[in-house]
Structures are given as structure tokens and as C-alpha cells.
Amino acid sequence: MGIAAEALKNFKGFNLKNMPEVEPVSPGHRACQGCGEVLALRQAMKALGTNVVVCSATGCMEIITSPFPQTAWRVPWIHVAFENAAAVVSGVESAYKAMNRKNIIKSPDTVFVAYGGDGATADIGMQALSGALERGHNFIYMCFDNEAYMNTGVQRSSSTPFGAQTTTSPPGKKSKGQSTQKKNLPEIAVAHGTPYVATACPAFPVDLMNKVKKASLVPGPAYIHIYSPCPTGWRCGIEESVEMARLAVQSKVFPLYEVIDGVYYLSRKVAKPKPVAEYFKPQRRFRHLTEADVQQIQARTDAEYDRLVAKCVVEVKEKKEKE
Amino acid sequence: MSKKIGVEVSIAAADAVGLCDVDVVAAYPITPQTHIVEHLSELVAEGHLDAEFVPVESEHSAMSACIGSSAAGARTFTSTCSQGYALMSELCYIASALRLPIVMAVANRAISAPINIWNDHGDLMYARDSGWIQVIGENGQETVDLTIAAFRIAEDPNILLPVQVNLDGFTLSHMIEPIVMPDKKDVKKFLPAYKPQLRLDPANPITMGPVGMPDVYTEARKAQDEALKSSKAQIVKIFNEFGKQFGRKYNLVETYKTEDAETIIITMGSLSQTAMTAVDMMRDKGKKVGVARIRVFRPFPADELFAAIKGAKNLVILDRVTSFTGGYVSGPVCLEIKSILYDRKHYPKIGNFLAGLGGRDTTDQNFMEMVDKVAASKDGGVPLAYEFINVRE
Amino acid sequence: MIEIRIHGRGGQGAVTSAELAALAAIEEGKYAQAFPSFGPERRGAPVMAFVRVSDKPIVTREKVYEPNYVVVLDPTLLKLVNVEAGLKKGGIVIVNTAKSAADVRKETGIKAKLATVDASKIAMDTMRVTITNTTMLGALIKAVPDLLPLKALAGPIEHRFGGIAAKNIASCNRAFEETKVEG
Amino acid sequence: MAKETGIVSWKSLNLGMAITKPGCAADLKTGDWRSMRPETDRKKCTKCGQCYIFCPDMVYSKDAEGYYVQNYYYCKGCGICAKECPVDAITMHQEVD
């Protein structure tokens with residue numbers, strides 16, 4: 001049994017009836033109305049509780065929680081710069097390790113968390129994240145992926161999906177919007193030999209909270225990629241964040257899965273997938289796409305999903321049974 | 001008194017960090033700093049130093065990890081130079097603003113391009129506005145002593161700023177010379193355990209590095225400026241205490257034969273030693289020459305430096321760096337000194353020389369020529385505000 | 001103050017020679033500096049290292065331009081490098097060579113006084129290697145008796161080489177015996 | 001109304017401008033941002049807690065009877081709760097002064 005599986009063998013998860021009441025992020029934060037990202041952050045922090053140290057990248061979740069003299073943080077929190085949350089958490093974790101060993105402090109169970117948006121993770125912070133994962137620090141990295149640089153006004157990132165309109169991937173006579181495919185961050189985390197990798201989204205809060213909790217129990221690094229709808233940037237209704245996250249899962253655009261010690265598990269099988277077009281429809285960032293464009297995206301989405309499912313052990317078992 | 005041992009200055013500097021019982025070292029290799037971090041990783045690997053050595057993937061992450069570590073309350077060290085400093089510089093400004101007492105050795109090296117691994121003060125000057133305290137050693141002993149003093153200065157409850165210990169790359173970092181290594185017991189007496197005022201602690205949660213909007217940014221910068229300003233007096237006290245404990249006394253500005261000097265050479269770092277040799281040679285010929293050496297560049301010791309140089313008719317000011325100003329403005333050290341003199345309405349003749357760039361040697365002969373040039377001139381001897389030394393036309 | 005320049009090739013241990021000489025001097029209570037030529041030279045390229053030894057504290061950071069003595073670890077360098085450059089009047093060039101001083105002078109045109117020893121052979125005999133850095137220190141002491149007593153090298157060599165120190169010391173001692181210094 | 005600005009003397013700033021009052025953003029009345037107000041019909045409500053767990057602004061808390069009640073001090077009026085309520089117990093109403 002791998003180290004992650006070993007650490008999780010007696011795991012008892014949360015359910016809707018036993019939600020932790022603790023809110024490590026306080027109300028009064030300045031997120032946009034209907035922000036799907038702060039909702040995901042809230043759910044994740046509820047799962048982690050208060051014996052944590054949080055390192056924040058620059059981004060929406062930093063700006064909306066910390067304008068002086070207010071802080072929404074009820075747990076120790078540090079923001080240093082845009083691209084280095086994973087390096088900062090490396091230092092925090094190392095400091096705790098040394099100080100615990102040298103009896104300077106007694107805090108053996110503290111959980112170390114770094115988070116950033118997709119820009120801070122997939123683009124400018126990729127190197128720091130890769131370094132921290134490779135060195136094997138005991139920490140959780142959470143990427144809140146809203147598929148563009150929302151904090152600076154919706155510019156494209158390498159996590160922006162193909163076809164999406166942003167202020168730096170505008171559709172025009174010679175452009176369909178974002179011209180590249182979304183970078184697959186969880187796969188990159190897996191490639192580092194990260195003991196625990198998962199995807200989650202706030203439309204499935206119990207699943208999200210259980211994954212974050214599991215990440216905290218696994219020794220070594222853990223990476224969680226959290227789909228975080230942004231009504232402002234995606235140009236959908238402010239009441240639709242949760243619905244968008246749900247549709248992303250139901251349309252196979254954002255499958256939920258875990259990778260424990262390198263072994264893939266599908267968290268939620270999409271038995272009756274909704275068409276990608278249904279997910280796209282409420283979002284004006286996709287409105288310029290033609291039916292043919294959407295069909296092309298649909299084909300790729302299906303292929304990617306099948307590729308993932310083929311890697312998942314549960315699916316393999318089912319296939320064998322059928323045979 | 002401990003015995004003098006022959007040791008490479010980098011190794012001695014790393015041993016000094018070990019004597020200070022650091023908790024975390026996060027560093028990335030770069031010539032000529034490598035021997036410092038190699039030896040620290042060795043000390044950790046052999047169990048001589050109980051610390052976490054974080055082999056980060058870049059200098060940017062080195063300083064980031066140092067910030068995390070220091071914010072968590074650990075005694076923290078790193079080392080770099082040149083391009084490494086340039087890469088981490090973004091975080092250096094943040095480390096000082098967050099008031100984190102990180103100590104960093106900089107094995108001074110020229111800044112690219114052309115890429116050049118040799119010594120000058122390009123990185124030291126790159127860092128001068130970063131809000132760090134900058135101390136400069138002239139030899140191995142001073143490098144060791146200043147490293148130990150740096151932790152005490154950084155962690156002083158009245159200071160709480162990061163400290164950069166500068167040692168000239170190769171000319172000091174790779175030199176084997178006799179050094180007295182302080183006794184561990186004495187270091188412990190001089191440098192008590194670090195007691196952070198604020199740290200990242202779940203038992204007492206704080207928010208570090210919040211957003212500062214226009215209504216508070218000015219106040220934050222003012223507070224930081226005051227911290228650096230008021231650190232000067234405290235550094236003097238700590239240097240005095242160091243002298244009492246270890247028998248070697250340091251000052252913000254060190255002087256050599258300046259009392260009756262008509263010409264004073266102003267230098268920083270290992271070049272000062274050659275300058276003193278040149279002064280001895282010129283004194284033998286009856287020339288009244290002295291040297292004032294800047295030991296602490298930030299906070300800038302304006303009063304102390306003025307006191308040291310005010311009697312001189314001529315000043316030979318060395319800048320071991322090119323600071324591109326477009327011609328008329330002097331090198332950075334000279335610029336500081338000119339502003340001191342302007343404020344005090346005192347106008348000696350000044351020659352500003354850019355010397356020792358990218359490992360170019362500056363010899364005793366060079367010093368003699370500079371002294372003669374300024375003495376013989378009517379307007380400071382240099383047609384423009386500064387002049388390159390040893391440049392081939 | 002005595003200043004020494006050591007010529008070798010990258011990987012032959014010229015820097016170690018300089019270090020050991022300086023460490024031995026410091027052990028003897030003298031002041032010393034040792035430093036490499038600070039270049040990016042790699043294995044095989046001609047390199048230099050420098051030593052300063054003095055009874056008084058050394059207060060200079062110049063490079064060594066006018067050495068009192070020059071040590072040449074590898075005889076093939078004699079044709080490539082002007083080993084005599086800057087050598088002070090009365091200085092000695094101490095060469096690893098199987099040839100006589102007269103032959104070396106004839107082939108290279110060196111004007112200074114020479115000290116010769118077949119250090120490569122000695123190193124091969126005693127250590128089965130052709131690295132002559134510790135061996136040539138014996139020749140240096142023979143040519144410059146004021147520098148250090150021969151036995152002062154033993155401590156630093158032991159500290160540096162551990163298990164293979166004895167062979168290095170033997171090689172060094174044998175070179176001391178066999179070095180011929182021109183009268 | 002809580003103090004929203006950082007207008008203080010430089011002398012009163014903590015070291016490194018750290019904030020030492022955990023969660024003091026809770027003083028901020030983000031309810032001012034709201035133009036639509038969610039209201040719960042208790043006759044329809046099944047106390048399932050979806051509104052609680054899907055609220056980005058921590059507006060909902062459980063009362064003595066097990067119902068989830070809104071804290072309008074924070075509610076920005078996004079309407080996620082109304083959209084997600086599985087029994088349509090929550091409806092959005094125009095704010096009036």
C-alpha cells in the first residue's frame with residue numbers, strides 16, 4: 001500500500017448532516033456577488049479547520065480577504081507575491097519541522113496550505129509549485145481555477161479553455177478566442193509523483209471537503225484542482241456559479257477524480273452526460289462560437305474524458321466484469 | 001581566546017552560520033557563493049547543524065522560502081549573488097517590508113551582461129534600496145564576525161530587519177587565510193534564541209502581507225523607513241557588545257591614517273585592504289593619505305563618514321560598479337558622499353573612480369595614480385563626474 | 001612576505017598545493033593567503049594558484065604579479081606558459097621534470113635559477129598516480145627553506161587526504177630529498 | 001458601520017503592517033451591496049442545508065428550530081441560495097428602502 005492509501009485507510013468523510021461549523025474565512029470579505037471561487041475556498045477551509053497556516057498567492061482570494069485594516073482570515077495567513085505561494089509554504093513547513101524537532105515549538109499536527117488561482121499556478125507559479133512538489137514538503141496546494149486572470153480583468157491564462165473569450169484572447173475576424181487547449185495541471189502534479197492529487201468543485205461540497213481533508217492527512221505534498229466559476233469573467237448570472245460548476249462536471253468538461261499514490265479513481269461517473277453546449281449556453285465567453293466549433297470541442301471533451309476513464313481502476317474492473 | 005585556523009572564507013562563513021544555530025537554510029547554487037551553501041548542506045548532512053536545508057529550485061524560491069520560514073518564527077539564512085540576487089530581488093523588498101530578520105550572505109559578483117562570475121559590487125548596489133541592512137566585510141575574519149553580528153542585528157527587537165552580509169566574490173569567498181573561529185558558547189551568549197514578536201501560529205492567528213491601499217501605503221513605508229533609520233544607533237551598540245564579547249571591535253565607518261590626511265580614499269570591501277597597503281607606500285614617500293572604509297552601507301552612516309573625511313582637501317571615491325545615469329551623475333557611493341557634503345556646505349575636490357569591475361584587479365599602483373590625479377587637479381581631476389580605471393581606450 | 005605562483009592543469013591539484021602550503025604556514029603561526037586564479041577553466045586547461053606567506057598580517061587583495069617563486073606541476077606547461085613572467089630578481093622556478101636544469105634552460109630559455117625534480121616518477125612510484133601537487137610541495141620546501149619546515153606539511157596533508165595521506169607525505173618527503181637546486 | 005479604511009498613524013501599525021485581529025473583516029457590512037433579498041418560506045423549507053453550504057458569504061446559520069436563517073448584514077444578494085434550493089423555498093425580492 002502506498003503512503004497516501006495507508007494514511008487514508010480509516011478515513012471517515014464529512015456528509016451534509018455533519019458539516020463542520022467552523023468558518024476559517026470570515027464573512028465580510030469583498031468577493032463579487034455570487035463568487036464561485038470564494039465559495040470553494042470557504043468549503044475547503046471548513047474542511048481543514050483552524051490548525052493550519054495558509055500561504056496565499058496574489059489574486060482575487062488575496063485581494064478580497066485582506067485589504068488593511070480588515071482580514072477575513074481567522075487562521076494564520078501570509079501573502080508574499082504572485083508566483084511563489086508554493087515556495088513560501090516550503091519555508092513555513094521547513095521552519096515548523098525544524099522548530100518542532102528542536103523543541104522550540106510544539107505544533108506537530110499543523111497543516112500547511114498554499115493556494116493560488118490558475119494564473120498563479122499554471123503560469124507564473126509553475127516553477128515554484130514544481131519545486132515544492134518535487135522536494136516533497138508536507139503541504140496541500142489548492143488551485144482555484146476560474147480559467148483566466150480575473151483579478152486583473154479577465155485576461156487569458158494557460159488554463160483558459162479553447163475557444164473562450166477573454167480580454168487577451170478576443171474573438172475576431174482571425175480568431176475564435178483562446179486558440180490553445182487548457183493546460184492539464186492535475187496531470188502535471190501526478191507526474192511529480194505527488195501522493196495525493198484530486199479535482200473538485202463547489203457544486204459537490206461534500207466531495208470537495210472530503211478531498212481537502214484527505215489531502216491534509218496524507219504525508220508529503222497533495223494537489224487539489226478546484227473548478228471555481230467566476231460570473232464576472234465568464235459573463236453568466238451571479239446566481240449561476242454553483243450551476244456552472246455542476247454543469248461542467250455533468251458535461252464531462254471537468255471530471256471529478258482522485259489519484260492516490262498514482263492510481264486513478266473516478267469520483268463521479270457521468271452516466272448521462274449533458275452536451276457541452278448546455279454548459280456553454282449561459283456563459284457569454286463562449287457565445288461567439290459556431291455550432292461547428294462547439295461540435296469540435298464536444299468531440300475533444302469526450303475523447304479526454306474517455307482517456308481519463310481508461311486510466312481509472314474502478315472502470316477497469318467494470319470492464320473486466322463485462323467481458 | 002580561540003586559535004587562528006587556516007580556512008577558506010566561504011567555509012568559515014558557513015561555519016559561522018552553524019555557530020548561530022540556524023533553523024532553516026534555503027539556497028540555490030551560484031558561483032562564487034557555492035562553497036557557503038555546500039558547506040552548510042554538509043553540516044546538516046553530518047548532523048553538526050540541526051537545521052532544515054531546503055534545496056530550492058531558484059533564488060526566487062530561496063528568498064520566498066526564507067520569508068515563509070522567518071514568518072513562521074525560525075532563524076533563517078540564505079546566500080546568493082549577482083543574477084541570483086537579481087532574480088530574488090522582488091522578494092527581498094517584501095522581506096524587509098514584512099520586517100523579517102533573515103540573514104543573507106552575498107558573495108559579491110558583477111551583474112550581466114556580459115556574463116561575468118567575478119567580483120564587483122553590482123549586486124550590492126542592486127540591493128541598496130531594498131530596505132535591508134547592508135554590512136560589508138574586508139577579510140575573512142570580518143566576514144565571520146559580521147555574519148554572527150548580522151543575526152543579532154536582524155533579530156534585535158528594536159530593529160527586526162533583514163541583513164545582507166557582503167563579501168567580495170573570489171577575492172574573499174575563495175581565499176584561504178587565518179581566521180579565529182569564535183567559541184560556540186560565546187556565540188550563544190552574544191546571540192540569544194530568536195523570540196519573534198509576531199509569527200504564523202495557529203494559536204494566535206495573524207494576517208501577514210495584507211493589501212495596503214492608498215490610505216495606508218505611505219504610512220507603511222514611513223514605518224519601514226523609520227525602522228532602518230533608527231537601526232543605526234542600535235547597530236553601533238551591537239558592534240560594541242560584539243567587541244566586548246569577542247575582542248574585535250567594528251564601526252560603521254573604519255578609518256586608516258585619516259587624522260592628518262590631505263587626501264582620503266573611500267572604499268568598501270576587500271579593496272580597502274589594498275588601499276591601505278597603497279597608503280603605507282605613499283606615507284613612506286611623505287604623502288598625507290588615508291583611507292575611510294564604509295562598513296555599513298545601509299543605513300548609510302552619513303555623520304560618521306563626514307566626521308572621518310571632513311579634514312581632507314581631496315577625496316578619492318571608489319565605486320566598484322557601473323550605475324548607468326547617462327553621464328553626469330557619479331557612481332552610487334560618490335553620490336551619497338556628495339549629498340552629505342552638500343548638506344554640510346563642505347566642498348573638497350573629488351575624484352570618482354569606477355574600479356575593480358567584473359574582477360578587474362585594482363592595484364596599489366592604481367590607488368597612487370588616483371590620489372595624484374585628484375591632488376593635481378583644479379576641479380577634481382575628472383572632467384566628467386566619474387572615470388573608469390584601467391579601461392583600455 | 002613571500003609570494004608563490006603555482007602552475008598546473010585543471011584537475012592536477014594546483015589549488016590544493018596552494019591551500020596546503022598556506023594552511024601549513026598558518027599552523028606554524030604565520031600569516032598566509034591562498035587563492036586560485038578564479039577562472040572558469042575546466043579539467044586539463046592551464047591554471048594557476050597563488051600563495052602569500054608573511055610574518056606580519058597580510059593587508060593586500062591584489063593578485064600576485066611578481067612572485068618570489070614559481071612552481072610548475074606539469075612539465076608540458078613549460079612550452080605553453082611563460083612561467084617566468086613577473087618573477088622577482090633572485091627568484092627560483094621549481095619544475096617537475098625528468099630533465100636536468102641545463103636541458104630545461106636550453107629548451108625553454110628560462111633565465112632564472114631552476115630547481116628540478118622528477119615528481120611524476122616519484123608520485124607514480126609512491127602513489128601510482130601522476131598527480132604531483134603534494135609531491136611538488138617537498139620540492140618547494142627544498143628550494144625555499146625559509147618558507148616552512150618540511151614537517152609542517154604533514155598536518156594539513158593528513159587532514160585533507162585521510163587514508164591516503166601517508167603516501168602523499170612519503171612522496172613529498174622523497175621529492176624534498178631528490179630536488180636539485182642550482183647553485 | 002465598521003471602519004472600512006486604514007487611516008491610522010504610521011506609529012500605530014503593527015510590525016510589517018500585520019493584522020492581529022483574526023477575522024475582523026466580519027465588521028464589514030457587505031449587505032450594502034445587495035439589491036435583491038432572499039427570503040425563505042418556512043412552510044416549504046426542508047432544512048436540507050443546501051443554502052448554507054452554497055452561500056459564498058456565510059450568510060446562513062441554523063436557528064433553534066433547525067431552520068437556516070439569513071444574516072442580512074453580509075448577504076450580497078447573489079441569489080445562489082434561491083437557485084439551489086431544491087424545494088424552491090427561497091425567493092428573491094427587490095430591496096426597498
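Worth knowing before you read on, the calculation uses all heavy atoms, side chains too, and leaves out hydrogens, waters and symmetry mates. Chain identifiers are assigned alphabetically (A, B, ...) following the order of the sequence lines, protein sequences preceding nucleic acid strands; residue numbering begins at 1 within each chain. Predicted model, so just to flag it, every value in this text is computed and none were measured.
Interface residue B:Leu98: backbone and side-chain heavy atoms are both found under 4.5 Å from chain D. Heavy atoms closer than 4.5 Å to chain D are found in the side chain of B:Glu226, but not in its backbone. At a 4.5 Å heavy-atom cutoff, the contact between B:Ala220 and chain D is made by backbone and side-chain atoms alike. For chain B, no part of D:Ser12 is nearby; none of its heavy atoms comes within less than 4.5 Å.
Under a cut-off of 6.0 angstrom, the local environment of OH in D:Tyr67 is crowded, with over 12 non-hydrogen atoms contributed by other residues, nucleotides or ligands. In the displayed structure, D:Lys47 atom NZ is contacted under 6.0 Å by more than 12 heavy atoms of other residues, nucleotides or ligands.
In summary, the side chains of B:Ser96 and B:Gln224 do present a donor paired with an acceptor at a separation below 3.5 Å, with no hydrogens or angles considered.
Geometrically, B:Arg152 does not engage B:Phe242 in a cation-pi contact, judged by NZ or CZ lying under 6.0 Å from the ring centre and within 45° of the ring axis.
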field: side chain to side chain donor-acceptor pair (under 3.5 Å) evaluation trace for B:Glu219 with D:Ser9
entry: CA-CA 7 Å; B:Glu219 284 67 27; D:Ser9 156; over 6 Å; no
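Highest contact tally toward chain D, considering only B:Ala227, B:Pro214, B:Gly209, B:Ala223, is held by B:Ala223 [criterion: heavy-atom pairs under 4.5 Å].
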